[in-house]
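Here is the structure we will look at, set down as structure tokens.
Order of the sequence lines fixes the chain letters, A, B, ..., with proteins taken first and strands second; residue numbering starts at 1 for each chain. We use all heavy atoms of the structure for the numbers below, so side chains are in, but hydrogens, waters and symmetry mates are not.
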Amino acid sequence: MDVFNPAFWTFVAIMAGIYVVLALGLYVQFSLAGLPNFGHVAFMAVAAYTMAILVVRAAMPLPVAAIFGLVAAVALGCLLGIPSVRLRADYLAIASVAAGEMVRYLATNLSWLTGGPLGSVGLLGPARFVSYNAGWQDLLDRLSRALSSVLGSAATPDRAMLLVVWSLAGALLWVFRRLERSPWGRVLRAIREDETAATAVGKHVAAFKLQALLLGAALGGLAGLLLAWQIGVFSPNDFEPTLTFYAYLILIFGGMNRLWAIPVGAAVFSLLYTGTQFLTFFPLSLVDSGSRAFLRLFSVGFLLVLFMMIRPQGLLGNRRELLLEK
Amino acid sequence: MLLEVRRLTKRFGGVAAADDLSFDVEEGSITALIGPNGAGKTTVFNLISGFLRPDHGEIRFAKRRLEGRRGDIVARSGLVRTFQTPRVLTRMSVLDNLLLAAQDQPGERLGLGWIMPRRVARREREIHARALEMLDLVRLRHVSDQYAGALSGGQRKLVEFARALMVMPRMILLDEPMAGVLPALVLQLLDHVQDLRDHRGVTVFLIEHDMDVVMSVSDRVIVMDEGRLIADGPPQAIQNDDRVIEAYLGPAAQSESSGKGPRETPRG
Amino acid sequence: MTQFAELVVTGLVTGAVLALAGVGASLVFGIQRIPNFAHGEYLTFAAYLAFLLNVPFGQNLVAATAGAIAGTALLAIGIHFVVLRPLRGRGLVAMSLVTAGLALMLRDVVFLVAGTQVRQYAIDQTKVFALGFLRISPGEAVAIPIATVVLPAVALLLARTPMGKSMRAVADNRDLAAISGIDVERVGVHVWLLAGALAGLGGVMLAVVEGTFDPNLGFQVLFLIFTTVVLGGIGNAYGALVAGLVLGVAMDLATWNGFFGGLDAQYKPVLAFCVLIVLLLVRPQGLFGRATVL
Amino acid sequence: MDDVALAARGLCAGYGDEDVLHDVSIAVPRGAIVAVIGPNGSGKSTLLKTIYGLVRARRGEAVLYDRRGKAHDLTALRPNQISALGMNLVPQLANVFPEMSVLENLEIGSALNKVRFAQHLDRVLTTFPALRTMLRRRAATLSGGQRQMLGLARALMSGPTLLILDEPSAGLAPAVVEEVFAKIKAINAEGVSILMIEQKARQCLAMADYAYVLEQGRNRLEGPGSTLLADPDVVRLYLGARRTAAQRNP
Amino acid sequence: MRRTICMCCSVAAIIGLLCPAFPVSGATPVSFDLKYGVLAPLTGNSAAAGQAWNEAASVGIKYVTATLKKLDLPDIHVVLADSQDSQGNTQTGVEAAQKLVKIDGVNVVIGDFYSAVTSAVATAVTIPNRVLEFTGGTSPALTKLNTGTPAFLWQPVAADDVQGRVLAKIIAAALGPHARINVAARNDAYGTSLSAVFKEAWTSTGGTIPVDLIYDPTQPTLDAEAQKLVQGNPTGWLFIDFCQTFDKLAFPLARSGKWDPKKSFGSDTLNDCKSNGAQSFPGMRATQAYPAGGASFPAFQALFEQDAGQRTKFQPFTAEAFDSVFVSFLAALEAKSAEPAQIARYVVPLTNPPGTAYTFQQLDAAIKAVMTGQKIRFEGATGPLNFTDSGRVAATTYAIWQVQPDGSSKVIKVVNFTP
């Protein structure tokens, strides 16, 4: 067993980078604008599906299709956002789960459009298969060739992907850090603190909330695209509500209202989630391999509850601020 | 007339919080709105400032119809309010609280900060300067970097006051500006209110319970009780108005003695 | 017509399960401010506890159900004291994550202990009870009387008993309830007991009605339970009772041929969510929720 | 002290870092109506919340003497325990359970104790005959005056020895205020001590055996109700007295 | 009858295991390390099937190890490196496969049986890393993922496009080509794609489908769906589901009084529900590629029950995982290497004539034959495998099973099918 195989950890790091983008979307919606969106995964689904359908069915070039994918995610954000920004937080939370599940069921049922339960493999019907991410693989290949002049044989498409994902994540973090500190971010923080006060000084609360929701939707869509390219194939099952919960976990692990804690949260989450795949040592080796899968999910749940009890403010959070919130 | 209110009515359930109210507020005046608890004063403020939608009636501000408009639109048109319990943004710095309230910052439009960073920065500098000026005015510059949540109630009132001024209002609605403020600060605030009108040309419309304050600063007093307007006039006239006294203290009691004599209360 | 009647019956049976689970979840959400994502697992736990008593231990199903109700109620207050009470006041998202973590733990423990295969209680599922032109299953034959007895009993419990009244009082006006001499802490425990017991009964009923079940039993209806809670208005127990029944019947009736030829069965799960979202657009506080903010 | 039902001594309390109450002391003799009046922002409501333990007292104490004269430190008790000791409160707003029927409101008032409910229901309905005709109505459908009555009735259902009323006249029409005050007197006549906070000073003082006037969170004036009623300072305090003219505490 | 076969076979298997080992002579020394990894939805909605899949593979690997030990071939190591959980979704599946391939360094991945997961794992992990993958997925699109020869992705089960047409043919033979068939399929990749193929085949030859139902088996009750299925005055029914969830639909169907199991057909996952722990409905027919499901199928079932029966219910389709273990092991033995590309080259010759046929029960003999250089042909528990170069099995004969009045199932007919 080669626990430190770099190729494997490259993969884990790519996934962590994608999670950063995903969680950043929630950060904008929840931590900045105070919208508890539990259906974030719907934006991923819509973007990924739009992109794949356009590439496979309409033979659109990948970049154009990707842009349409993001547009679709933002459009879904509008559709959900316009009515839902006025809901009370607890109703919004449940309504957004419902919206996310609706998107997933539609992806399952509209087989003529989405390939049905088979996912992107079935886009052209049961017997034909065209991959949507040839263009992306091409890009990574070219990038890794370009990199090989610098890195030599260490340049692989996987590392190119790592580079792409993390530079994107880093750039987005930087952009949103700036946005958060810009006058725009100031208004959003004010809205999170007290909507009435923000209204009283002439800020259109609903409009700002909607902007945050849409930005979050775009980020969710981007994460969906990256995931689709990274995995190569996706199906409706990939967009279960669990993924949104994971994104919230990342926010909480890092520290709820800390933008720069998102990568930390994503790293911790990835380590936890990947690390539990290695639960084969003694005494767990005595348990049969099938039961270990249940033990693994059990321990994910257990660690989550434990973490919430011991360190509710997250790794980088400030406990006092947590209490100030109430 | 800067503000004209006509036949304003708002009911909650069966209770009329504002019942066919009509009054004006003159430009450049300090007008007080008083009345016993539950008279509907704050409701009137909420109606004027767009936080509530009237059942019927008209509100004109600078000749523009305002009734039913959203609160932020009302504020941007130059009519800004404060709250009874100050609504400062507790987890933002005092300075940020003020910066937030400035209008015409292009950086509040998503993306404009990237397209025209210079204009944003220039405006931000202007706003910043103005905010410091306001903080100087309310003598809070020394706490400008602190979380607003760390301030005392009286200081919060001042922050909210300064924040309202950042909007550059033509008229400001102050909901009990003196409540919970230390006596020393009350005088200071009084000065600010008068200064507003005298030097900045801002019309002031305030709800206040401290009658000393009301009588000493206001040009005119409007008295409400149970949603209705019961008196409207200069302070002296109001002070001696029977209806007003009755509204506050209740009607002169008919059955005076309950038969029990005064008691000596044991006091340590 | 037969189709219509049978759909109403099966819808009512599903609805009764949703109502039972929904009342508990709604009271917990309203009084404890916890969106309990582990509520589905309470149902699963109950179904398996009853199975344990019914099949390996050979108890009859009534006794097994009683055991499951008691056991699930104990589980609910156990979790309340060990995990949820110490975490009180952490906010909606944090509590959602905690209960989701609990759900993961509970579900996988059931998987570990009970295994993955489908289970059946010791009753003949193919037996048919003819009621006029209606042909109903043993599950329905049991569920319908249970529902007709238990749902009114729950309503009565909430309406008449001190426990029910104090719960509604706390949900209605927490401070005044405390001032009136109600021990709000104790009501909190009672709410979990009631929610656990109802989830226990609902879980066994669901298992009987489904015929065969596996450890995903409760998780599969979790979002339907939440839909019930929100439709009824968070914290409104009567609302949840009605919403559960309405939702159950509406979902089955949607497939009725007389209803524009009937909805395609594959869209049935989407229907509940559509209803929810459309309703929230019209009434943001739910069907029976109060418009005012708590 | 054996005839005192409630005593607050030297209470200092407030929100955040700031004190609203400064060294406030009041006492409620058994069987008396005691009024606390004062303009808005004088700290009346805070005093009440502090006595009830909803706001933590920084200094001073609030002591309740139960039926047998045993002293209980109120700050250490939870609201339901306070209620069990015979002290009840009618809040200013939110004084009923809107989603429950009038009868249920009364039941909750008796803390769902059947014996107590049976014991007090008739008496309470005799005091509030109007409620008898609307026992099945949902409290949310009642008018403001009816709600205030129900709030009083609910509090009476616990069989209190001491009742605290937070501005019972707030938001009510004058005729209704009269009625409410009459009820309060009737309740007092049955031996229930009453501590009420009021704005409508005249009616309140006319009824009160003893009254305290608070201003700026401090004891300002006190004395028998009728004495204060005649005191011109009270009027000045409400409608703008010169502060220097205000009478000092005895 | 069936039980006697089971008994005989398990006795034979046990005797075979107990036989004293004798040295293999005349063979060139062979040494390799073959690492298997299992990928299946071990948790979640398909946990029952996933767990059984995992057990079937590990039972097979254990059997191989035991045989190697018996034959005293210490230089050949066959291990199950790890079993990972795909949770039935592609993202988790790829993460799990990454772990198997990159960390454990497996040569062969057994699974997943979700077509979507298989295709993701194949495109993102196994094919780029040149690792063999044996899938339980039935989507015809899967073989398209193999970009070159030899194939890395193997599909030891008839794909939907074949089975759908076979079902149409069988039903036409039983009820006439113009029969009215109501179709019910579970709402997943297997159900929707198989029912789509069937519909096309059925209507193109003149049949009608009054009710075409796709249902979600996770619904609390399927009574409303059952109501639909008895409408339209159907001549017969076709069900595409797994035994466990089929009960939920079948109970209300039976109660409706309008359903006739004798006129009902099931897909290849419904052929023997009784032995599967679920209810069976006498008279109902179902298909299965190959007659008798392979001669060694009962022995496999017995072995499974003995090894893993306490933990997991047996599921017939897991024979695919079991067979995959033997195919890859024997191919590796022929290649004298655990290098996946080498193994892949021997899969087709190993499973096709000519050569003497061996089942897993004769594994020791098969090993000896391979080591002495003879051409053998492996016949799986699912039947003769006949892999083609594309990575797919080419099935030409199908068995029709029917549930007997006592609930057990047996093969009543074998049909030939030429695509």
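If you measure heavy-atom distances from C:V82 to chain A, the contacts under 4.5 Å come from the backbone alone. Only the side chain of A:I252 comes within contact range of chain C, with at least one heavy atom under 4.5 Å from a heavy atom of that chain. With a 4.5 Å cut-off on non-hydrogen atoms, A:A93 touches chain C through its side chain but not through its backbone. Proximity to chain A (any heavy atom under 4.5 Å) is shown, for C:L281, by both the backbone and the side chain. In this structure, the portion of C:L276 lying under 4.5 Å from any heavy atom of chain A is its side chain and not its backbone. At a 4.5 Å heavy-atom cutoff, the contact between C:L87 and chain A is made by side-chain atoms alone. At a 4.5 Å heavy-atom cutoff, the contact between C:F223 and chain A is made by side-chain atoms alone.
A:L304 and C:G101 get closest at one heavy-atom pair: CD2-CA, 3.5 Å. In terms of heavy-atom proximity, C:L102 sits nearest to A:V305 at N-CG2, 3.9 Å.
The closest side-chain heavy-atom distance from A:F298 to C:L104 is not below 4.5 Å. Two residues are said to be in side-chain contact when any heavy atoms from C-beta on lie closer than 4.5 Å; A:L110 and C:Y267 meet this criterion. In this structure, the side chains of A:Y91 and C:L280 come closer than 4.5 Å at one or more pairs of heavy atoms. Side-chain atoms of C:V83 and A:M308, non-hydrogen and from C-beta on, never get closer than 4.5 Å to each other. A 4.5 Å side-chain heavy-atom check between A:S291 and C:F111 finds every atom pair outside the cut-off.
Ranked by non-hydrogen atom pairs under 4.5 Å with chain A, the options C:A272, C:A100, C:S96 are led by C:S96. Contact count against chain A (heavy-atom pairs under 4.5 Å) is highest for C:V230 among C:L106, C:V98, C:V230.
Between C:D108 and A:R296 no salt bridge is recorded (no basic side-chain N to carboxylate O distance below 4.0 Å).
Atom CD of C:Q266 is separated from atom OG1 of A:T108 by 9.0 Å, given to the nearest 0.5 angstrom. The structure places CZ of C:F273 at 5.0 Å from CD of A:E101, a figure rounded to the nearest 0.5 Å. The distance from atom CG of A:L92 to atom CG of C:L92, rounded to the nearest 0.5 Å, is 9.0 Å. Atoms OG1 and CD1, on C:T227 and A:I94 in that order, are 8.0 Å from each other to the nearest 0.5 Å.
With sequence neighbours left out, C:D252 forms a side chain to side chain donor-acceptor pair (under 3.5 Å) with C:T10, C:K268. With sequence neighbours left out, C:D264 forms a side chain to side chain donor-acceptor pair (under 3.5 Å) with no residue at all.
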Exercise. Should C:R33 and A:D90 be marked as a side chain to side chain contact (heavy atoms under 4.5 Å, CB included) after you check the CA-CA gap, both sets of side-chain angles, and the distance that decides it?
Worked result: CA-CA 9 Å; C:R33 310 301 306 153; A:D90 43 6; 3.0 Å; yes
Problem set entry | Evaluation steps, side chain to side chain contact (heavy atoms under 4.5 Å, CB included), between C:V93 and A:F38 | CA-CA 9 Å; C:V93 168; A:F38 277 95; 4.2 Å; yes
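Checking each of C:L112, C:V109, C:V113, C:V110 against A:F294 for a side chain to side chain contact (heavy atoms under 4.5 Å, CB included) leaves exactly one that passes, namely C:L112.
Taking the six-membered ring where the residue is Trp, C:F37 and A:F245 present perpendicular rings, their angle passing 60° and hence far from 30°.
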